[in-house]
Amino acid sequence: MSTIKVISEEEFKDILRNNQTPVVIDFSATWCGPCKMLEPVIEQLADEWEGKAQVYKIDIDQTPSVPQQFGVMGVPTLMLFKDNEVKSQIVGFKPKKKIAKEFESLF
């Protein structure tokens, strides 16, 4: 199982600018219980999506400018970016099947 890399604002910009595959960002916080529950689910999906999408994490406390830019009001929030645009968003803890169904149709 892979560990999801926590990225900075600059890394986020580079990833979106240079990626041909969809990018899923997990906006989370270390103090967030539902975020901790979602972590193993996102790690499993990152493994399953290898080669189809890239998955990263942004800590809203360490990098507040990115969630503010995209109107993130609560955590966890998952956003799928494709062609530098948000194509889908899921707020709150959701089961793996629901996340997969929502995002995989956009790959």
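Just so you know, these numbers come straight off a predicted model, no measurement behind them.
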Val75-Phe12 co-clustered via ILVMFWY side chain contacts under 4.5 Å: yes
Approximate separation, where rounding is to 0.5 Å, of Asp83 CG and Gln20 CD: 8.5 Å
Full working for salt bridge (Lys or Arg N to Asp or Glu O under 4.0 Å) between Glu102 and Lys98: CA-CA 6 Å; Glu102 174 75 23; Lys98 183 166 178 63; 5.8 Å; no
Validation row: Ile4, Ile42 side chains within 4.5 angstrom (heavy atoms): yes
Validation row: Lys96, Glu48 side chains within 4.5 angstrom (heavy atoms): yes
Salt bridge (Lys or Arg N to Asp or Glu O under 4.0 Å) between Lys52 and Glu50, intermediate numbers included: CA-CA 5 Å; Lys52 294 187 244 175; Glu50 191 170 337; over 6 Å; no
Min side-chain heavy-atom separation Ile15-Ile7 under 4.5 Å: yes
Sidechain-backbone polar pair: Lys82 side chain, Val23 backbone, donor-acceptor under 3.5 Å: no
Check: Phe81 ring centroid to Tyr56 ring centroid under 6.0 Å: no
Whether Phe27 and Phe70 hold their rings parallel, tilted or perpendicular, with breakpoints at 30° and 60°: tilted
OG-CD1 distance between Ser65 and Ile60, expressed to the nearest 0.5 angstrom: 12.0 Å
Point-to-point distance, once rounded to the nearest 0.5 Å, from CD of Gln69 to NZ of Lys13: 7.0 Å
Donor on one side chain, acceptor on other, Glu9 and Thr63, under 3.5 Å: no
Verify same cluster id: Val6, Val66 (apolar side-chain graph, 4.5 Å): no
Phe93 and Ile99: CA distance, side-chain angles, deciding distance, side chain to side chain contact (heavy atoms under 4.5 Å, CB included) verdict: CA-CA 9 Å; Phe93 178 85; Ile99 296 168; over 6 Å; no
Sub-4.5 Å side-chain heavy-atom contact between Val24 and Gln54: no
Asp59 side chain vs Asp61 backbone, donor-acceptor pair below 3.5 Å: yes
Residue among Leu38, Leu45, Val55, Ile25 satisfying side chain to side chain contact (heavy atoms under 4.5 Å, CB included) with Leu78: Leu38
Under-4.0 Å salt bridge between Glu39 and Lys57: yes
Check: Glu11/Ser8 side-chain N/O donor and acceptor closer than 3.5 Å: yes
Check: Thr77 side chain, Gly74 main-chain N or O, donor-acceptor pair, under 3.5 Å: yes
Residues, nucleotides or ligands: over 12 heavy atoms within 6.0 Å of Lys101 NZ: no
For the student: nearest non-hydrogen atoms of Ala29 and Cys35, plus distance: N-SG, 3.7 Å
Full working for side chain to side chain donor-acceptor pair (under 3.5 Å) between Trp49 and Glu104: CA-CA 9 Å; Trp49 293 342; Glu104 288 174 1; 2.7 Å; yes
ILVMFWY cluster, Met79 and Leu106 together (side-chain gap under 4.5 Å): no
Any Gln89 side-chain heavy atom under 4.5 Å of Val91 side chain: yes
